Number of protein chains: 2
Amino acid sequence: MAMLDSVTESPLYRIANPRSLAFFGASNNIASMGTNQLLSLLSLGFEGTVYPVHPEEEVVLGLDAYRSVLELPETPDVAVMVLRAERVLGCVEECGRKGIRHVIVVSGGFKEMGGRGVELERELVETAARYGIRILGPNGLGVANPHHRLNTTFIAHEGSPGFIGLASQSGSFVTQMFNHLANHGLGFSTAFSVGNEANTDLVDCLEYLGACPHTRVIALYIEGIRRGRHFVETARQIVPHKPIVAYYVGGSDAGRRAGFSHTGAMAGDDALYSGVLHQAGVLRAASVTELFDFCWVLGGQPRARGARVVILTHSGGPGAAAADLCGRAGLELPELAPATLERLAPFVPDTASVRNPIDLTFSRNPLDFYSAIPQVLLADETTDIVLLYLLTPVVMVERALAHMGVPRQQVADETSKVLAQQADALLEVARGADKPVVAYTWRSLGEDFYRRLLEGGLPVFAGAERAARALRAMVSYRSLRSRLLSRGDQPSRSPNP
Amino acid sequence: MAMLDSVTESPLYRIANPRSLAFFGASNNIASMGTNQLLSLLSLGFEGTVYPVHPEEEVVLGLDAYRSVLELPETPDVAVMVLRAERVLGCVEECGRKGIRHVIVVSGGFKEMGGRGVELERELVETAARYGIRILGPNGLGVANPHHRLNTTFIAHEGSPGFIGLASQSGSFVTQMFNHLANHGLGFSTAFSVGNEANTDLVDCLEYLGACPHTRVIALYIEGIRRGRHFVETARQIVPHKPIVAYYVGGSDAGRRAGFSHTGAMAGDDALYSGVLHQAGVLRAASVTELFDFCWVLGGQPRARGARVVILTHSGGPGAAAADLCGRAGLELPELAPATLERLAPFVPDTASVRNPIDLTFSRNPLDFYSAIPQVLLADETTDIVLLYLLTPVVMVERALAHMGVPRQQVADETSKVLAQQADALLEVARGADKPVVAYTWRSLGEDFYRRLLEGGLPVFAGAERAARALRAMVSYRSLRSRLLSRGDQPSRSPNP
């Protein structure tokens, strides 16, 4: 088993990058799931051709509809089916006859239902094999590839294309994370909902995402791994180039029971999965929040060279809390080098503490906190990571400007300018750094200041705990990667394309 | 040591509920901290009299200023001092002579600085003792009691008065949490920043908050406890009536070092503190986020009678993830009783799974999810807690309404109405329940739907992990409380006044 040389070699390539689609199960009834899925596709501005297939409607959502896939004027790359399970088999058969070789089966009612569903899925796999069709699903939501303006899920895509590749045994975590990611300035590169994995599984997705040039980090939502050995081998080839983070839901009794009734995957003992993931070089997240938090720093920041974090704050308490959480997460808080202290001196008031965490108490010039000081800290050789606490209460800036004589009707504009200048200064430092720069706050990430930082690529965590755990993941990735490389699995191409 | 019969017996009562204030250190210079603190006080609409004391200014922020506290026309209840450390002693002396018996010393430069600062603090305590003055601080931000429109900190208060009492060895966690709490529909009842605890400490605050009628749950931010035995005794008297949650920052080496340089409190071994807190019946939070998350459910929800959680979702993945996290947190996911399944049947589509988690897949009538179904679940005797996953993507409701023929310009309004109706239906169920009802989502809590739920008192957590840990805290409180009660520490008054 080797890494793919190009993403185009993946059997999922056409599924994630179709030039044309046949769509079964959309109508003009807004209450139907298929209609919603086609609407999501159209609203993202999919640029390929879409052929709705419908037994009665002549036009579906403004597009010419066809009675049968056999009547289409061309052979589309992919068919998407949102049909009752009993109707799927016949339609896949027709797709095969039409020459379609990739089908996304959204329909549930297969293996996950037991009984007749198991039988139906077996027949589906047999039909697919007869025509050489790769199936994504059944019982999944398909794929979102915002770089290709593709979204077959039922929730409209929000935000921008991003660098997180996802393979998920839950469709929800493809479609319902658009908003969560957008709120953090993130997005998917490509996200696959594998459903019951009839003949395409997590490992196929891993191979795709490992080779995908838009993907800088891979997230896995796992309810159960089927091809264990292939999984480990594939992951071990990818990890030296790209980090992989997994959330495994089947480890607790409750999670296992829930996952089992959900997709019918075989979950297993928690310790067993820990072992498999570790062997594979895959980082394990303890929740969905962590899954994407880890991806955020791993995909968006330079690699951490070590575990030494310098914390910069205006406030003692948040600094102490972050130090405590970093300490508990296994990170180190080095003392600053004497030369660094000397370089900091011009920016630091008498009331400040320059032990780590650095507690400025206040800034002589507010911009120092966002620019000069982090630059000095990043230049210290004992610093591996800089973690900033951000406060910036809009109301205080407004208050200061009002009292400085800025006319009332200009205060809001001027405040925006001041905050934008501060955000841009920090972004410039972070972009120029070859070390991770990460922030945390307890203010709302919806504020303009934080939106600007997030859109600019700076991870800002809601609270120090999430930041500390994410930084720990960066350090863990370093160890996992070194271990794989030292065993002779040399990377065959450059990291983070 | 007994619980206070009334909050008015507390030496902190006048500090938290002053009728009049002398304010040292505010001027017309917006760059000074004292000025910002007075502005915060005025902007919250403090209704008592404020007397700025300033050596030169005749008017400070529009208020008549006095050269010396001795010149004031009355003896104010409290003096607030934001002065350089060297000037504090003389001013406290004058306050004593004027008859003022409560002083908030914001100034740093005392014990936390070592050397001369230690000496200064000793002199401060001696002067205070001579006049019978209670000092809050030095090196703290004072107090925020939004019920009394009091805020001596430098950040303007946001949000509404609430039910969380805070005693904090960091001022930041008083002033910088206003926004965090408001974003969750929460607020402080009263929050004390104890600073160096010259002659008023965490235990005094505990006594106050234990008796405070606005306080339903107590949060402690601890860098080090000085009066260990008193702390334990006081907490044990309060816990049967009100939960207490503590975040202890000094437990890791890094946290200890940071906390020590911050307020000069003696931090100690993590295990020792775990023991003390457990003995005291105090729940321990692992971060500031957890501290307030725990307070949210403990102060805002009916007590949990047990650990059995029923999870209600539209989506398999988020249900499985929540089940996994609840399982890991030590909560139980009971199967539903046959009678409950029967009562659910009319609301549940064929595709649904009614094992716990309940995965509706879709609702026949969207309101069922928010009203009829949770009501049925709450009526099941094996249910102790109901946990809902909320999705509600605005764009889908808009899409549905637009396709149902609602004119374009009315879609936004109609969407708001539909969502408000859903939120209100859920709030009505939660308010009528004698069991906790809690939700989680991955959408932004800033959306109107979530704002409405939060303002209505329903805890909605960003992610299942925070929800699971908060629910676990409710179950732990039940155990701590039972243990204290069974040892004969009978509560002397009714819970949650």
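Just so it is clear, the structure is predicted and the values come from calculations on it, not from any experiment. Proteins come first, then strands; the chains are lettered A, B, ... in the order of their sequence lines, and each starts at number 1.
For A/N36, the parts sitting under 4.5 Å from any heavy atom of chain B are the backbone and the side chain alike. Of the atoms belonging to A/E158, it is side-chain heavy atoms, and not backbone ones, that fall under 4.5 Å from chain B. For a residue to count as touching a neighbouring chain, one of its non-hydrogen atoms must lie under 4.5 Å from one of that chain's; by this rule A/Y440 does not touch chain B. Within the 4.5 angstrom heavy-atom criterion, only side-chain atoms of A/E447, from C-beta onward, approach chain B. For B/L61, the part lying near chain A is the side chain, with the backbone staying farther off; criterion is any non-hydrogen pair under 4.5 Å. Heavy-atom distances place no part of B/F292 under 4.5 Å from chain A, backbone and side chain included. For chain B, no part of A/T441 is nearby; none of its heavy atoms comes within less than 4.5 Å. If you measure heavy-atom distances from A/A402 to chain B, you find no contacts under 4.5 Å at all. Both the backbone and the side chain of B/S40 come within contact range of chain A, with heavy atoms under 4.5 Å apart. When heavy atoms are compared at a cutoff of 4.5 Å, A/I155 approaches chain B by way of both its backbone and its side chain. With a 4.5 Å cut-off on non-hydrogen atoms, A/M33 does not touch chain B at all. Using a 4.5 Å cut-off between heavy atoms, A/L291 does not touch chain B at all.
When all heavy atoms of B/L387 and B/L471 are compared, the closest pair comes out as CD2-CD1, 4.2 Å. Residue B/A321 comes nearest to A/F173 through the heavy atom pair CB-CZ, 4.1 Å, listed as atom of the first residue, atom of the second, then distance. In this structure, A/L391 and A/R443 approach most closely via the heavy-atom pair O-CD, 2.6 Å. Heavy atoms only, all atoms of each residue included: A/F461 and A/D293 are closest at CE2-CG, 3.4 Å.
Using modelled atom types and a 3.5 Å distance limit, the side chains of B/T361 and B/D359 yield no donor-acceptor pair. The closest side-chain donor-acceptor pair between B/R399 and A/T35, if any, does not fall under 3.5 angstrom.
Taking 4.0 Å as the cut-off between side-chain N and carboxylate O, B/R328 and B/E465 do not count as a salt-bridged pair.
Between chain B and the options A/T289, A/L181, A/L39, the largest number of non-hydrogen pairs under 4.5 Å is found for A/L39. In terms of heavy-atom pairs under 4.5 angstrom with chain A, the leader among B/N29, B/L325, B/N179 is B/N179. Of all the listed residues (A/S444, A/G446, A/A464), the one sharing the greatest number of non-hydrogen pairs under 4.5 Å with chain B is A/S444.
By the ring pair (Phe, Tyr, Trp, His ring centres under 6.0 Å) test, A/H184 pairs with A/H180, A/W296, sequence neighbours left out. For the ring pair (Phe, Tyr, Trp, His ring centres under 6.0 Å) test, no residue two or more places apart in sequence or in another chain qualifies with B/F154.
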